[in-house]
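Just so we're on the same page: letters track the sequence lines, and every chain starts at 1.
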Amino acid sequence: MLDIQTLRNDLAGVAARLATRGFVLDTARFEQLEGERKLVQTRTQELQARRNAASKQIGFAKSKGEDVTAIMAEVANLGDELKQAEAQLAVVLAELQALLEGLPNTPHESVPVGKSEADNEEVRKVGSKPSFDFAVQDHVSLGEGLGGLDFETAAKISGARFSLLKGGLARLHRALAQFMLDTHTDQHGYTEVYVPYLVNAASMRGTGQLPKFEEDLFKVPRQMGEGIENFYLIPTAEVPVTNMVRDEIVPLESLPMKFVAHTPCFRSEAGSAGRDTRGMIRQHQFDKVELVQMVHPDDSSAALEQLLGHAETILQQLGLHYRVVKLCSGDIGFSAAMTYDIEVWLPAQDTYREISSCSSFGAFQARRMQARFRNAQGKPELLHTLNGSGLAVGRTLVAVLENFQQADGSVVIPEVLRPYMGGLESLRGLK
RNA sequence: GGAGAAGUGGCCGAGUGGUCGAAGGCACUCCCCUGCUAAGGGAGCAUGCGGGCAUAAACCUGCAUCGAGGGUUCGAAUCCCUCCUUCUCCGCCA
């Protein structure tokens, strides 16, 4: 959520910055709502003040045994007017809030201006493309050849966009997650957390998935008293982990907070019918190791570079070729102020595919969540949040399969994973 | 699932219709005293949103907030209803 003060003080400026990401801010509507709010709020508070003063008088007079009928009569007339004003105020505030919650974050000043993916900036390439003297297979035929990847059974059990891993492949998948977790906890100073996979609407609102992107989420209705309230399956660990600090005021000394979590992620992929239908690239369920940081506002830029480096370490240690892309203003996500994508080389597709997305959100999420720290002056101040995949486990598995495949259809296991694989050096025809 | 108890500021904890946004304590900040450690005295110290303000801080002021949402009342932390959460006991269970 953007700071309403900023909107009041520099509406045109905010509109211009939002325009760089292709968002049109209805400034006239904001001004109209804001004007109405000011009017109604002032009037409501005036009425409340009068009522409070009169009530106080009544109490005071009664305690002295005086007659209060005169004041009572005066206050009685206030009632209806006040109720009406309060109701009107509630409506205006709700509209204003809805408008505010629908506004995306303003891009950081360093973000390149652009319309789409095509305008993203390549920051660097690391490593080099592997060369093959045979016709490469994609991960689907490799996995099926190894007997460890079974989409048909997954489809029978659940439907399209699910996968089933077996034997060595299932273990490799687990090994990847373990390796990532161990690296981030042992070498990068993150605290591992295990978190709920079903969260409430307030949490989704806090990180910005709600109210705008409900169609991307899996909803689980449940009976709550007389009504229905929804749980939501997390689309990323960012949601539960970041919401750990919702409605909290943490001490200055606790910053930066760095958490890592391995969770499944669930996405309805509502808008992507027909895209990436083959293989494990785009699934309703996939595992991800997620890095989350809560930092002092002064440190968030440096923290993003650091977090990006942590994610890159995984690819480097696995020996995978990748590039880092800085997303342009038109391509960054709703809540993000700045985003780097890490794209891994996939030889069978002859292209780079996103395997991690590292973003800084400034105070955008913190403001929605009222997540604060006590600053040096002792005053509560919004903290800054960041997160990034480190990495998407399913896509990493795809990358390992495709990049380390051999002519005979076997796959060499990267050395750093072998301790997690019982010393196994390659996957071949496992049952 | 059944029975009971409880949810108050950073923390502990008083408060059952009226100068209560809230006693007292701890923690914290400032000052005084004290030649270490410790102790003593005084003051300050919730959050959000408005207005003063055309701008940052400070300050003054109004409103709201005592788990959440409704209700009763001139007035609710306090009474009523619904819900949520936590704790204890019983049952069930990975």
Side-chain angles (χ1 to χ4, degrees), chain A residues 1-14 31 33-101 194 196-203 205-206 221-231 243-255 257 297 363 366-383:
Chain A
M1 202 157 67
L2 298 176
D3 184 4
I4 194 164
Q5 297 291 358
T6 314
L7 281 155
R8 287 178 187 140
N9 295 333
D10 183 22
L11 188 60
V14 173
E31 278 176 330
L33 270 177
E34 175 57 16
E36 208 176 318
R37 186 228 98 223
K38 195 164 175 172
L39 207 73
V40 179
Q41 183 167 2
T42 310
R43 197 163 67 87
T44 306
Q45 292 191 352
E46 241 168 59
L47 291 169
Q48 286 169 328
R50 270 163 61 193
R51 181 208 53 200
N52 290 347
S55 293
K56 232 171 208 178
Q57 265 184 41
I58 293 174
F60 192 51
K62 266 195 172 170
S63 72
K64 296 203 297 188
E66 292 170 8
D67 180 58
V68 293
T69 48
I71 320 173
M72 295 273 279
E74 190 191 319
V75 172
N77 298 327
L78 274 176
D80 282 352
E81 206 184 338
L82 182 65
K83 248 182 196 147
Q84 206 187 344
E86 281 175 337
Q88 201 183 345
L89 181 62
V91 170
V92 176
L93 286 180
E95 279 178 41
L96 205 53
Q97 180 71 12
L99 186 145
L100 221 51
E101 281 187 349
Y194 171 81
Y197 302 156
L198 287 167
V199 302
N200 55 33
S203 293
R205 192 170 293 270
R222 60 163 175 165
Q223 195 73 35
M224 272 300 223
E226 286 156 29
I228 300 274
E229 246 177 62
N230 292 313
F231 273 138
N243 273 281
M244 285 166 66
V245 292
R246 170 153 56 87
D247 294 320
E248 298 288 334
I249 302 174
V250 303
L252 185 61
E253 312 83 72
S254 67
L255 301 180
M257 300 171 89
R367 189 171 293 110
R368 288 173 161 249
M369 293 189 299
Q370 282 302 303
R372 294 165 294 173
F373 67 99
R374 215 167 271 286
N375 67 20
Q377 288 72 46
K379 293 287 171 207
E381 191 178 333
L382 294 171
L383 40 78

Participant: What one-letter contact string describes nucleotides 58-70 of chain B from 5' to 3', where B marks a base within less than 4.0 Å of any protein heavy atom, S marks contact via sugar-phosphate atoms alone, and - marks no contact?
Facilitator: ----BSS------

Participant: Can you sort out the partners of A:Glu381 under side-chain contact (heavy atoms from CB on, under 4.5 Å), two or more places apart, ordered by chain and number?
Facilitator: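 Expected list: A:Pro297, A:Phe373, A:Asn375.
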
Participant: Under the rule for side-chain contact (heavy atoms from CB on, under 4.5 Å), what residues qualify as partners of A:Leu39, not counting sequence neighbours?
Facilitator: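 With sequence neighbours excluded, A:Leu39 shows a side-chain contact (heavy atoms from CB on, under 4.5 Å) to no residue whatsoever.
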
Participant: What pairs with A:Ala61 under side-chain contact (heavy atoms from CB on, under 4.5 Å), at least two apart in sequence or on another chain?
Facilitator: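 For A:Ala61, the residues satisfying side-chain contact (heavy atoms from CB on, under 4.5 Å) (neighbours in sequence not counted) are A:Glu66, A:Val68.
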
Participant: Between A:Lys56 and B:G75, is there a contact of a side-chain N or O with OP1 or OP2 at under 4.0 Å?
Facilitator: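 Checking B:G75 against A:Lys56, no side-chain N or O comes under 4.0 Å of OP1 or OP2.
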
Participant: Got a sec, which pairs hit salt bridge (Lys or Arg N to Asp or Glu O under 4.0 Å) with one end in residues 85-101 of chain A, sequence neighbours left out?
Facilitator: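 Listed by first then second residue: A:Arg29-A:Glu95, A:Glu101-A:Arg205.
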
Participant: Kindly write out the residues that satisfy salt bridge (Lys or Arg N to Asp or Glu O under 4.0 Å) with A:Arg367, not counting sequence neighbours, or none if the list is empty.
Facilitator: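 A:Arg367 satisfies salt bridge (Lys or Arg N to Asp or Glu O under 4.0 Å) with no other residue.
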
Participant: Salt bridge (Lys or Arg N to Asp or Glu O under 4.0 Å) with A:Arg8: which residues, sequence neighbours excluded?
Facilitator: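 If we apply the salt bridge (Lys or Arg N to Asp or Glu O under 4.0 Å) test to A:Arg8, skipping adjacent residues, the hits are A:Glu34.
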
Participant: Report the secondary structure of RNA chain B in dot-bracket form, marking unpaired bases with a dot and bases paired to a different strand with |, and treating Watson-Crick or G-U pairs with both distances under 3.5 Å as paired.
Facilitator: ((((((((.[[[..)..(.....]]].(((((.......))))).(((((((......))))))).[[[[[..)....]]]]])))))))....

Participant: I'd like a list of close polar pairs between nucleotides 10-14 of chain B and the protein, N/O only, cut-off under 3.5 Å.
Facilitator:
none

Participant: Name all residues meeting the side chain to side chain donor-acceptor pair (under 3.5 Å) criterion together with A:Glu36; count only those two or more places apart in sequence or in a different chain, and write none if there are none.
Facilitator: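 A:Glu36 satisfies side chain to side chain donor-acceptor pair (under 3.5 Å) with A:Gln32 once adjacent residues are dropped.
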
Participant: Identify, with sequence neighbours excluded, every residue that meets side chain to side chain donor-acceptor pair (under 3.5 Å) alongside A:Gln45.
Facilitator: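 Listed in chain order: nothing, the list is empty.
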
Participant: For residues 246-253 of chain A, run the donor-acceptor check on the side chains, cut-off 3.5 Å, and write out each pair with its distance to 0.1 Å, sequence neighbours left out.
Facilitator:
residue: A:Arg246; atom: NE; partner: A:Asn243; partner atom: OD1; Å: 2.8
residue: A:Arg246; atom: NH2; partner: A:Ser203; partner atom: OG; Å: 2.8

